[in-house]
Amino acid sequence: MKIAVLGLGAMGSRMARRLLATGEHDLTVWNRTAEATRPLTEAGAAAAATPAAAAEQCDLVLSMLRDDDAGREVWLAPETGALAAMAPGTVAADCSTVTPAFSAELAARCAERGVDFLDAPVLGSRPQAEAGTLIFLVGGRPAVSHRVEPVLRQIGGAVHQMGPTGTGTRMKLLLNSLFAVQVAAVAELLGALHGTDLDTARAVEVLAATPVASPAAATAATAMLGHTFPAAFPIDLVAKDLRYAAADAASRHLTIALTHTAADIYQQAIDRGHGQDNITGVVQLFRAAAARLTGGGALRR
């Protein structure tokens with residue numbers, strides 16, 4: 001297939017490299033910062049100056065972008081947007097974590113041009129993108145999903161058809177919210193061990209060995225024993241996803257209280273300078289609070 005990948009951040013660049021490594025596709029890439037295209041062009045991809053130029057004459061256009069605003073600009077800008085260059089019958093697949101409202105907007109614009117649309121966000125981070133084990137959550141017509149599934153499976157280890165347009169996006173927000181709430185709860189509870197006789201490292205060891213903790217929560221708790229938090233899922237993106245989930249619920253007159261609370265916690269972490277840390281870095285918020293209560297004493301490890 002002739003494929004375009006739009007957005008070469010931590011995830012998009014790795015997805016593009018997986019496709020390029022198959023040797024099966026004619027790959028064109030675009031990124032807002034052109035320098036990011038260089039490693040891929042050196043490996044055999046073509047680089048385009050605009051999303052429209054990248055998408056021209058492609059069978060499939062994949063995007064991996066930060067948020068709704070980036071998606072709207074990259075796909076829908078009148079002169080440079082990808083959609084304007086796509087022919088009827090081609091496939092637009094947005095792999096970004098966006099709002100269901102934006103997915104619906106983009107699907108409607110694609111339909112006007114006869115372009116088939118899939119919302120196809122992924123579960124997983126940089127290691128899974130490198131290993132080709134991402135999990136795709138796909139919303140859209142099953143016939144369209146089946147058409148591009150062989151390509152998605154070159155990037156991911158599983159492809160789940162969720163339902164009509166928007167269901168992939170909603171499922172992604174549900175899963176990210178569940179993960180974020182668990183991580184925030186673990187961070188809070190580990191912070192609450194300060195001043196007790198329970199050793200934090202021993203508590204985490206036993207926590208991970210019990211059925212109470214999910215695998216994700218156990219892994220997060222172990223990471224919280226450290227003091228550096230290199231980003232796989234940065235806190236600023238966690239907060240964005242929680243805001244999107246809360247706004248989607250509010251659009252249907254629903255309130256998701258735990259998600260709102262978690263969003264506030266991650267926003268506090270951003271306000272204290274931890275936005276670029278990994279999600280597990282939220283523990284720093286609770287360490288600092290405990291230290292303030294005891295005049296700056298070190299937390300018991």
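Just so it is clear, the structure is predicted and the values come from calculations on it, not from any experiment. Nothing fancy with the numbering, it's 1 onward along the sequence.
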Margin query: Just by distance, no angles: are the side chains of Gln267 and Asp271 close enough, under 3.5 Å, to form a donor-acceptor pair?
Written below: yes
Notebook entry, point to check: So which heavy atom on Asp119 is nearest to which on Gly168, and how close?
Noted result: OD2-N, 2.9 Å
Notebook entry, point to check: Are any of the side-chain heavy atoms of Leu190 and Leu193 separated by less than 4.5 Å?
Noted result: yes
Margin query: Testing the basics here: between Ile235 and Gly281, what is the closest heavy-atom pair and its distance to 0.1 Å?
Written below: CD1-C, 3.9 Å
Item checked: Rounded distance [0.5 Å steps], CG in Leu152 versus CZ in Phe136 -> 4.5 Å
Notebook entry, point to check: Quick one: does Ile3's side chain get under 4.5 Å of Asp26's, heavy atoms only?
Noted result: no
Item checked: N/O donor-acceptor pair under 3.5 Å between Glu56 side chain and Ala53 backbone -> no
Next item on the list: Please tell me if the side chains of Leu242 and Ser177 come closer than 4.5 Å, counting only heavy atoms from C-beta onward.
Entry: yes
Next item on the list: Take Val148 and Leu118 through the side-chain contact (heavy atoms from CB on, under 4.5 Å) test and state the conclusion after the steps.
Entry: CA-CA 10 Å; Val148 301; Leu118 298 172; 3.6 Å; yes
Notebook entry, point to check: Is the side chain of Arg18 donor-acceptor paired with the backbone N or O of Ala129 at a distance under 3.5 Å, no angle test?
Noted result: no
Item checked: side-chain contact (heavy atoms from CB on, under 4.5 Å) assessment of Val159 paired with Val138 -> CA-CA 7 Å; Val159 178; Val138 182; 3.8 Å; yes
Check: Val183 versus Val282: any side-chain heavy-atom pair under 4.5 Å?
Finding: yes
Checklist line | Side-chain heavy-atom pair Pro39, Arg17 within 4.5 angstrom cut-off | finding: yes
Next item on the list: Measure the spacing between CZ of Phe117 and CG of Leu83 and express it to the nearest 0.5 Å.
Entry: 10.0 Å
Margin query: Between Glu24 and Gln154, do the side chains contain a donor N or O and an acceptor N or O under 3.5 Å apart?
Written below: yes
Next item on the list: Check whether the side chains of His227 and Arg287 place a donor and an acceptor atom closer than 3.5 Å, and report yes or no.
Entry: yes
Notebook entry, point to check: Is a donor on one side and an acceptor on the other found under 3.5 Å between the side chain of Ser145 and the backbone of Pro142?
Noted result: no
Notebook entry, point to check: Run the side-chain contact (heavy atoms from CB on, under 4.5 Å) check on His25 and Val151 step by step: do they pass?
Noted result: CA-CA 9 Å; His25 308 295; Val151 175; 4.0 Å; yes
Note to self: Same cluster or not: Ile265 versus Leu178, using hydrophobic residues (I, L, V, M, F, W, Y) connected whenever any side-chain heavy atoms lie under 4.5 Å apart?
What the structure shows: no
Check: Under a 4.5 Å cut-off applied to non-hydrogen side-chain atoms, are Val115 and Val91 in contact?
Finding: no
Note to self: Looking at Leu19, is its backbone amide N or carbonyl O close enough to the side chain of Thr22 to form a donor-acceptor pair, meaning the two atoms are under 3.5 Å apart?
What the structure shows: yes
Note to self: Rounded at 0.5 Å granularity, tell me how far CE in Met171 sits from CG in Leu173.
What the structure shows: 11.0 Å
Notebook entry, point to check: What heavy-atom pair brings Ala46 and Thr41 nearest, and what distance separates the two atoms?
Noted result: C-CG2, 4.2 Å
Next item on the list: Taking atom CZ of Arg38 as the centre, report whether more than 12 heavy atoms of other residues, nucleotides or ligands fall under 6.0 Å from it.
Entry: no
Next item on the list: Check step by step if side-chain contact (heavy atoms from CB on, under 4.5 Å) holds for Val204 and Met224.
Entry: CA-CA 9 Å; Val204 168; Met224 288 176 191; over 6 Å; no
Check: Is a salt bridge present between Arg66 and Asp236, judged by a nitrogen-to-oxygen distance below 4.0 Å?
Finding: yes
Next item on the list: Is it possible for you to say whether Leu123 and Leu174 belong to one hydrophobic cluster, with membership spreading through side-chain heavy-atom contacts below 4.5 Å?
Entry: yes
Next item on the list: Supply the atom-to-atom distance Leu285 CG to Glu188 CD, rounded to the nearest 0.5 angstrom.
Entry: 10.0 Å
Next item on the list: Kindly indicate whether the side chain of Val5, heavy atoms from C-beta on, has any atom under 4.5 Å from the side chain of Met64.
Entry: no
Which donor-acceptor pairs under 3.5 Å do side chains of residues 6-13 form with protein atoms, sequence neighbours excluded?
residue, atom, partner, partner atom, Å
Ser13, OG, Gly9, O, 2.7

Next item on the list: Verify the cluster assignment for Leu40 and Leu60: are they in a single hydrophobic cluster under the rule of side-chain heavy atoms below 4.5 Å apart?
Entry: yes
Notebook entry, point to check: Which atom pair, heavy atoms only, marks the closest approach of Arg153 to Ala158?
Noted result: NH1-CA, 4.0 Å
Next item on the list: Taking all heavy atoms of Ala217 and all of Gln182, pick out the closest pair and write down the distance.
Entry: CB-OE1, 3.8 Å
Notebook entry, point to check: Any side-chain heavy atom of Asn176 within less than 4.5 Å of one from Phe233?
Noted result: yes
Note to self: Tell me whether the count of non-hydrogen atoms from other residues, nucleotides or ligands lying under 6.0 Å of CD in Glu112 goes above 12.
What the structure shows: yes
Note to self: Per the side-chain hydrogen bond (donor to acceptor under 3.5 Å, both in side chains) rule, what does the pair list look like for residues 91-108, sequence neighbours excluded?
What the structure shows: Ser63-Asp94, Asp68-Thr99, Arg72-Glu105, Asp94-Ser96, Thr97-Lys172, Ser103-Thr169
Next item on the list: Please answer: with hydrophobic residues joined when any side-chain heavy atoms are less than 4.5 Å apart, are Val98 and Met15 in the same cluster?
Entry: no
Item checked: CG (Leu189) with more than 12 external heavy atoms under 6.0 Å -> yes
Notebook entry, point to check: When rounded to the nearest 0.5 angstrom, what distance separates OG1 in Thr259 from CZ in Arg243?
Noted result: 13.5 Å
Next item on the list: For Asn31 and Ala34, indicate whether the former's side chain and the latter's backbone hold a donor-acceptor pair under 3.5 Å.
Entry: no
Item checked: Side-chain donor/acceptor of Thr219 to backbone N/O of Ala216, under 3.5 Å -> no
Margin query: So does Leu198 get a backbone contact from the side chain of Thr196, meaning a donor-acceptor N/O pair under 3.5 Å?
Written below: yes
Next item on the list: Check the surroundings of atom CD in Gln57: do more than 12 heavy atoms from other residues, nucleotides or ligands lie under 6.0 Å from it?
Entry: no
Note to self: I need the Leu137 CG to Cys95 SG distance, nearest 0.5 Å.
What the structure shows: 10.5 Å
Next item on the list: Check for a donor-acceptor pair, side chain of Asp116 on one end and backbone N or O of Val144 on the other, with a separation under 3.5 Å.
Entry: no
Checklist line | Side-chain ion pair, Glu73 and Arg32, N-O less than 4.0 Å | finding: yes
Note to self: If only side-chain N and O atoms count, and only distance matters, is there a donor-acceptor pair under 3.5 Å linking Thr133 with Gln128?
What the structure shows: no
Margin query: Check Glu130 with Arg126, please: is the shortest side-chain N to carboxylate O separation under 4.0 Å?
Written below: no
Item checked: Considering all heavy atoms, the nearest Ile279-Ala180 contact -> CD1-CA, 4.0 Å
Next item on the list: Check the hydrophobic clustering (I, L, V, M, F, W, Y; side-chain heavy atoms under 4.5 Å; chains of links allowed) and say if Phe179 and Tyr244 are grouped together.
Entry: no
